[in-house]
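Worksheet for the structure shown next.
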Number of protein chains: 2
Amino acid sequence: MSDRGTGQTPISGESLLFLTDDQLRRGIEAMFFAYRGFTADPDRILQDYAYGRAHHRAVHFIKRSPGTTVNNLLDILGVTKQSLNRVLRALIEDGLVESRVGKQDRRERHLYLTETGQELEKELSEAQRGRMRAAYRDAGPEAVAGFRQVLEQIMDPEMRRHFQAFKEGT
Amino acid sequence: MSDRGTGQTPISGESLLFLTDDQLRRGIEAMFFAYRGFTADPDRILQDYAYGRAHHRAVHFIKRSPGTTVNNLLDILGVTKQSLNRVLRALIEDGLVESRVGKQDRRERHLYLTETGQELEKELSEAQRGRMRAAYRDAGPEAVAGFRQVLEQIMDPEMRRHFQAFKEGT
DNA sequence: CAGTTTATGTCAGCCTTGTTGACTTTCCAA
DNA sequence: TTGGAAAGTCAACAAGGCTGACATAAACTG
């Protein structure tokens with residue numbers, strides 16, 4: 001728990017005394033350990049399908065924005081097209097993702113999850129949501145609000161833009 | 001379980017009304033985007049030294065627990081000894097880490113940062129702390145408390161044990 | 001229309017960092 | 001004295017990043 005009650009009244013007016021290097025270090029470690037847990041459940045599931053985290057990410061964001069283009073996905077995932085292409089090709093060949101030629105701009109490929117793709121996405125995201133739900137429940141709504149605030153501040157501005165786009169978008 | 005028909009009506013019974021699938025998804029995406037930012041600054045620095053994230057992690061936890069054994073580090077990092085060994089060997093050869101034979105148990109190797117190692121660690125952690133400090137400042141102390149609470153709940157129990165050990169330990 | 005830019009795909013090759021398996025050396029402890 | 005734990009090493013492999021080069025089709029621009 002936070003040791004804030006024990007006389008260490010955080011001077012909230014500009015002073016920032018609550019930000020010692022050690023506390024920041026603990027925040028860094030919390031991110032490291034938590035991210036491991038965050039990916040653990042999907043990783044286990046993915047093994048059964050001989051897929052990796054990269055496939056999960058692609059599937060997640062196609063689910064999030066059905067019909068998204070390859071370029072848009074590249075932007076969000078922050079990898080090279082060669083790297084994404086390898087993953088996408090596998091998903092398309094295996095019939096989890098469908099790639100449709102754009103109607104206005106026929107250079108573009110629009111990506112959709114097939115039935116099978118949606119099933120995998122559901123399995124993965126339910127596992128991951130399960131852990132998040134439990135964590136949120138144990139921490140409480142106030143903590144959750146703070147959690148999201150801090151995460152948003154940690155992001156690079158460009159990523160924050162993507163993140164916020166989903167807020168209004170869907 | 002997750003009836004996505006009406007979607008927004010979560011299972012009642014407790015006060016879990018704030019935990020819709022969509023909110024959980026947003027939390028998941030927040031973790032994804034934030035982790036990218038979280039590692040971005042050290043990653044940039046590491047390029048200059050021809051090291052990777054694995055080296056950073058090793059250096060971080062050796063700094064945190066000087067004299068830690070290889071086995072303990074393996075436990076914390078959650079990789080195989082072969083994988084860690086490759087990284088450790090490079091750091092030792094380059095004179096950033098010193099490996100001392102244990103005194104009680106001479107099978108064990110105790111790991112320490114050299115002067116040079118401490119310099120690199122400082123450069124990396126200052127960059128990473130800088131981002132965390134800015135995020136904490138912008139989000140405020142209450143948000144930070146919630147942030148840490150949720151992260152701790154996301155961890156696997158074993159990782160949480162490690163995380164909490166640092167709390168009392170040093 | 002010709003030329004350029006854009007979106008995508010693909011081949012080849014490289015790097016980091018993870019994995020397994022097999023084997024050795026050291027050395028504590030029963 | 002011997003079994004087994006701790007540590008190191010070698011080999012091989014895979015995922016998933018990366019760069020560079022090149023191809024194609026479509027859209028855009030002068």
Side-chain angles (χ1 to χ4, degrees), chain A residues 32 35-36 39-40 42-62 67-94 97-112, chain B residues 32 35-36 39-40 42-62 67-94 97-112:
Chain A
F32 171 69
Y35 200 77
R36 291 256 297 280
T39 56
D43 281 355
R44 260 189 297 274
I45 293 167
L46 288 159
Q47 282 193 326
D48 301 338
Y49 296 88
Y51 289 140
R53 242 176 245 182
H55 303 83
H56 181 192
R57 290 197 281 262
V59 163
H60 174 99
F61 285 107
I62 294 172
T68 185
T69 64
V70 172
N71 248 359
N72 185 39
L73 208 49
L74 284 175
D75 219 34
I76 287 172
L77 296 176
V79 296
T80 57
K81 63 172 180 172
Q82 293 91 333
S83 197
L84 176 59
N85 188 256
R86 180 168 33 195
V87 163
L88 233 35
R89 203 190 317 161
L91 291 171
I92 290 169
E93 276 173 11
D94 296 352
V97 167
E98 196 192 338
S99 167
R100 299 186 205 151
V101 173
K103 286 183 179 173
Q104 304 94 332
D105 188 335
R106 302 193 51 230
R107 289 172 304 179
E108 292 178 344
R109 299 296 131 86
H110 297 272
L111 304 170
Y112 300 87
Chain B
F32 171 69
Y35 199 78
R36 291 256 298 279
T39 56
D43 282 355
R44 260 189 297 274
I45 293 167
L46 287 159
Q47 282 194 325
D48 300 338
Y49 296 88
Y51 288 140
R53 244 178 241 183
H55 303 83
H56 182 194
R57 291 197 282 262
V59 162
H60 175 99
F61 284 107
I62 294 172
T68 186
T69 63
V70 172
N71 249 359
N72 184 40
L73 208 48
L74 284 176
D75 221 34
I76 288 172
L77 296 176
V79 297
T80 58
K81 64 173 178 175
Q82 293 89 335
S83 195
L84 176 58
N85 189 256
R86 180 170 30 200
V87 163
L88 235 34
R89 200 190 319 157
L91 291 171
I92 290 169
E93 276 174 10
D94 296 351
V97 167
E98 196 191 338
S99 166
R100 299 186 203 151
V101 173
K103 286 184 176 173
Q104 304 92 333
D105 188 336
R106 301 191 54 230
R107 290 169 300 181
E108 291 178 345
R109 300 291 184 274
H110 297 273
L111 304 170
Y112 300 87

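No experiment lies behind these values; they were computed from the predicted model shown. Just so it is clear: chains get the letters A, B, ... in the order the sequence lines come, proteins before strands, and each one is counted from 1.
OP1 or OP2 of C:dT10 lies within a sub-4.0 Å distance of a side-chain N or O belonging to A:R89. Checking the phosphate oxygens (OP1, OP2) of D:dG17, a side-chain nitrogen or oxygen of A:R57 falls inside 4.0 Å. Here B:H55 does not reach the OP1 or OP2 of C:dT16: none of its side-chain N or O atoms lies under 4.0 Å away. One finds no side-chain N or O of B:T80 lying less than 4.0 angstrom from the OP1 or OP2 phosphate oxygen of C:dG18.
Per the geometry, NE2 belonging to A:H56 stands 18 Å off P belonging to D:dA15, to the nearest Å. If you measure from atom CZ of B:R106 to atom C1' of D:dA7, you get 13 Å, rounded to the nearest angstrom. One can place CG of B:D75 at 11 Å from P of D:dA7, the figure rounded to the nearest angstrom. Protein atom CD of B:Q47 is 11 Å distant from nucleotide atom P of C:dT16, rounded to whole Å. Put simply, CG on A:N72 is 15 Å from C1' on C:dT6, counting in whole angstrom units. Atom CG of A:L88 is separated from atom P of C:dA7 by 16 Å (rounded to the nearest Å). Counting to the nearest Å, the C1' atom of C:dC23 and the CG atom of B:N85 are 14 Å from each other. A straight line from CD of A:E108 to C1' of D:dC28 spans 14 Å, rounded to a whole angstrom.
The CG atom of B:L74 lies 5.0 Å from the CG atom of B:L84; values are rounded to the nearest 0.5 Å.
When side chains are defined from C-beta on, B:N71 does not count as touching B:D75, because their heavy atoms never get closer than 4.5 Å. Between A:T69 and A:R109 the shortest side-chain heavy-atom distance does not fall below 4.5 Å. Here the side chains of B:L91 and B:Y51 are in contact, with some heavy-atom distance below 4.5 Å.
Place B:N71 and A:Y51 on DNA chain D by their nearest nucleotides, and B:N71 ends up nearer the 5' end. Each of A:D105 and B:G78 was matched to the nucleotide of DNA chain C holding its nearest heavy atom; the match closer to the 5' end belongs to A:D105.
Checked by distance alone, A:R107 brings a side-chain donor or acceptor within 3.5 Å of a matching partner on the base of C:dT6. Contact annotation: side chain of B:Q82 to base of C:dG21, donor-acceptor pair present below 3.5 Å.
When each of C:dT19, C:dT17, C:dT8 is scored by its nearest atom to the side-chain atoms of A:R109, the top-ranked nucleotide is C:dT8. Nearest to the side-chain atoms of A:S83 among the listed nucleotides C:dT17, D:dG17, C:dG9 stands D:dG17.
Across all strands shown, A:R86 has heavy atoms under 4.0 Å from base atoms, whether or not it also approaches the sugar-phosphate. A:H110 comes within 4.0 angstrom of no nucleic acid atom, judged by non-hydrogen atoms across all strands.
Looking at B:R53, its side chain never comes within 3.5 Å of a backbone N or O of B:P42 through a donor-acceptor pair.
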